[in-house]
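What follows is one structure encoded as structure tokens, with my remarks underneath.
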Amino acid sequence: NRTDYLDFVFDSAIDGASFGTNDLLISGPMTLQVAQIQAASSNTWRVRFAQPLPAGDYSIALGPAVLDLAGNPMEETFNSGLSVFLSDLVPLLLDWPAVAQMGQPVQFVGSLSNAGAAWAMLPWQNRLVLCSNQLGAGLQPLTTFGQATALAPGQSLLFTQSVILP
């Protein structure tokens with residue numbers, strides 16, 4: 001889930017030389033850097049950000065110095081709001097062997113829940129790791145496996161994964 005650009009659609013074709021970063025003010029949880037403004041069509045312009053927007057509420061102001069092809073400015077500044085929601089994946093191991101032999105296969109059963117306010121879209125990778133304590137000391141990756149299903153907000157899935165202990 002990423003919000004790394006916004007498209008602005010005007011009611012007529014725009015003079016691209018009149019549309020620059022100084023015509024756009026976006027305020028929110030962080031300072032945004034515009035990486036590029038490009039025409040998608042004569043009246044649709046894409047503003048691409050240097051990095052994806054983090055979750056939060058944003059205020060957007062555009063214009064009024066943007067000109068159409070006849071040199072006419074916008075009638076007034078366009079003002080709008082934008083809320084960005086992100087997924088929040090929460091893993092939980094439900095079952096694992098109490099005792100296991102190194103070099104032998106073991107099976108892990110777990111769940112993955114989306115505690116966020118947005119869909120967790122594909123692709124992403126899940127990783128099982130072995131640690132020597134609860135704080136993650138001696139972290140050793142056991143396996144990485146892909147995900148086949150997107151998760152809606154509040155949705156969970158179960159997984160079973162076999163690995164050979166190192």
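With a 4.5 Å cut-off on side-chain heavy atoms, I60 and L24 count as touching. Proximity of F108 to T143: side-chain heavy atoms (C-beta onward) are nowhere separated by under 4.5 Å. When side chains are defined from C-beta on, N43 counts as touching V9, because their heavy atoms get closer than 4.5 Å.
Contact between S87 and A118 at its shortest, heavy atoms only, is CB-O, 3.5 Å. Closest approach of Y58 to M30, counting heavy atoms only: OH-CG, 4.5 Å. When every heavy atom of A55 is checked against every heavy atom of P29, the shortest pair comes out as O-CG, 3.8 Å.
Membership of an apolar cluster is not assigned to V99, as no side-chain contact below 4.5 Å to another ILVMFWY residue is traced. When hydrophobic residues (I, L, V, M, F, W, Y) are linked wherever their side-chain heavy atoms come within less than 4.5 Å, the members clustered with V129 are L139.
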Contacts under 3.5 angstrom, residues 147-166 side chains, donor-acceptor by atom type, not counting sequence neighbours:
| unit_1 | atom_1 | unit_2 | atom_2 | d |
| --- | --- | --- | --- | --- |
| Q147 | OE1 | N126 | ND2 | 3.0 |
| Q155 | OE1 | A152 | N | 2.8 |
| S156 | OG | S113 | OG | 2.6 |

Expected list for residues 62-86: side-chain donor-acceptor pairs under 3.5 angstrom, two or more places apart:
| unit_1 | atom_1 | unit_2 | atom_2 | d |
| --- | --- | --- | --- | --- |
| D68 | OD1 | A70 | N | 3.0 |
| D68 | OD1 | G71 | N | 3.0 |
| D68 | OD1 | N72 | N | 2.8 |
| D68 | OD2 | N72 | ND2 | 3.3 |
| S83 | OG | D57 | OD1 | 2.6 |

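Under the side chain to side chain donor-acceptor pair (under 3.5 Å) criterion, Q38 pairs with Q36, sequence neighbours left out.
Under a cut-off of 6.0 angstrom, the local environment of CD in Q125 is crowded, with over 12 non-hydrogen atoms contributed by other residues, nucleotides or ligands. Atom OH of Y5 sits in a sparse spot, with 12 or fewer heavy atoms from other residues, nucleotides or ligands closer than 6.0 Å. Atom CD of Q140 has more than 12 neighbouring heavy atoms from other residues, nucleotides or ligands inside a 6.0 Å radius.
Within the 3.5 Å criterion, the main-chain N or O of R127 finds no donor-acceptor partner in the side chain of T144.
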Take T44 and F8 through the side chain to side chain contact (heavy atoms under 4.5 Å, CB included) test and state the conclusion after the steps.
CA-CA 6 Å; T44 302; F8 292 91; over 6 Å; no
#### Entry: Chi angles and distances behind the side chain to side chain contact (heavy atoms under 4.5 Å, CB included) call for D4, L53
CA-CA 6 Å; D4 54 6; L53 301 179; over 6 Å; no
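Atom-to-atom distance recorded for L128:CG and W96:CH2 is 11.5 Å, nearest 0.5 angstrom. Rounding to the nearest 0.5 Å places CG of N22 at 11.0 Å from CG of L25.
Among residue pairs with one or both ends in residues 7-36, those qualifying as salt bridge (Lys or Arg N to Asp or Glu O under 4.0 Å) are D7-R46; sequence neighbours excluded.
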